[in-house]
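Side-chain atoms are counted along with the backbone in the values below, which use heavy atoms only and exclude waters and symmetry mates.
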Amino acid sequence: MESESVVTGVQANGGSNVECDTSPADASSSGAIDLRCIINPLVDLIYWRDLKKTAVVFGAFLALLISLAYVSFISVVSYTSLIVLTVTIIYRVYKNIMQAIQKSQDGHPFKSLLELDTDLPQEKARDFSDAFVNWFNPVFSEIKRLFLVEDLVDSVKFGCLLWCLTYVGSWFNGLTLVTLAVVALFTLPKV
């Protein structure tokens, strides 16, 4: 008998619960990804349904974006990784000292995390690559059509859009726009 794992979430409008089937048998038979399982937790974050989780996510995003505005991406990744590594080493040494003092045999403090299966299933990788190809091909065809002037009117409209974007680019940095979008997403009232 197969065991199915079902995740229950609240709809974006606060309505009835939506069940997301995450069992491997169902995912492989339909070949599709259930977006409700991804979108519902994001909606919960945006609507601040769990204050602690949302505050952590919002604070982390804001800190990351502000630090990227002043320091290069490589430096941000290096410093963040160095902080995480330092914290885990200190915690591991602390647990080893406590085990030596208490003469207990608790083992490695991160044993449960080390034993987690983090391999990406080939079926999921195929699903993601198929979804990317299905998105990329029409976008690339449209860009090719616009730049190679298949339709003069559409290409002129596209040129006007690009010209307007040069003004937006002179007023704002792209990272500033992303930061403003994240702050607006988490703080503006939802209608």
Verify the cluster assignment for Leu177 and Leu161: are they in a single hydrophobic cluster under the rule of side-chain heavy atoms below 4.5 Å apart?
-> no
Output side-chain donor-acceptor pairs under 3.5 Å for residues 164-172, partner residues at least two apart or in another chain, one line each.
unit_1, atom_1, unit_2, atom_2, d
Thr166, OG1, Trp163, O, 2.4
Ser170, OG, Tyr167, O, 2.7

Report, as yes or no, whether the 6.0 Å neighbourhood of atom CG on Leu162 holds more than 12 heavy atoms from other residues, nucleotides or ligands.
-> yes
What residues, two or more places apart in sequence or in another chain, satisfy side-chain contact (heavy atoms from CB on, under 4.5 Å) together with Val153?
-> Asp151, Lys157
Residues that Lys52 engages under side-chain contact (heavy atoms from CB on, under 4.5 Å), provided they are two or more places apart | Asp50
Donor-acceptor pairs are to be reported for all side-chain atoms of residues 110-120 against protein atoms at under 3.5 Å, with residues two or more places apart or in another chain.
unit_1, atom_1, unit_2, atom_2, d
Asp117, OD1, Asp119, N, 3.4

Look at the side-chain heavy atoms of Ile, Leu, Val, Met, Phe, Trp and Tyr, link any pair under 4.5 Å apart, and say whether Leu82 and Val77 land in one connected group.
-> no
Do Val71 and Val182 share a hydrophobic cluster (ILVMFWY, side-chain heavy atoms under 4.5 Å, transitive)?
-> yes
Is Ser81 reaching over with its side chain to a backbone N or O of Ser78, donor-acceptor style, under 3.5 angstrom?
-> no
Residue pairs fulfilling ring-ring contact (aromatic ring centres under 6.0 Å, His included) with at least one residue in residues 134-154, sequence neighbours excluded = Phe132-Trp135, Phe132-Phe136, Phe136-Phe140, Phe147-Phe158
Residues clustering with Val93 (ILVMFWY side chains joined when closer than 4.5 Å, directly or via others) = Leu85, Ile89, Ile97, Ile101
Got a sec, which residues hit side-chain contact (heavy atoms from CB on, under 4.5 Å) with Leu185, two or more places apart in sequence or on another chain?
-> Ile46
Provide the closest heavy-atom pair for Asp44 versus Thr54 in the form atom of the first, atom of the second, distance.
-> O-OG1, 4.1 Å
Closest non-hydrogen atom pair between Asp106 and Gln99, with its separation = CB-NE2, 3.4 Å
To the nearest 0.5 Å, tell me how far Leu175 CG sits from Leu64 CG.
-> 8.5 Å
Please report the shortest heavy-atom distance between Val178 and Leu65, naming the atom on each side.
-> CG1-CD2, 3.9 Å
Sorted by chain and residue number, the side-chain hydrogen bond (donor to acceptor under 3.5 Å, both in side chains) partners of Ser75 (sequence neighbours excluded) come out as Ser72
For Leu152, check side-chain contact (heavy atoms from CB on, under 4.5 Å) against everything at least two apart and list the hits.
-> Val149, Val156
Got a sec, which residues hit side-chain hydrogen bond (donor to acceptor under 3.5 Å, both in side chains) with Gln122, two or more places apart in sequence or on another chain?
-> Arg126
Pairwise side-chain contact, His108 with Arg92, heavy-atom cut-off 4.5 Å (strictly under) | yes
Are Val57 and Ile66 grouped together when hydrophobic residues (ILVMFWY) are joined by side-chain heavy atoms under 4.5 angstrom apart?
-> yes
Quick note, ring-ring contact (aromatic ring centres under 6.0 Å, His included) partners involving residues 53-82, not counting sequence neighbours, are Phe58-Phe186
When every non-hydrogen atom of Ser155 is compared with those of Leu146, the smallest separation belongs to OG-O, 2.7 Å
Would you please name every residue forming a side-chain hydrogen bond (donor to acceptor under 3.5 Å, both in side chains) with Glu142, sequence neighbours left out?
-> Arg145
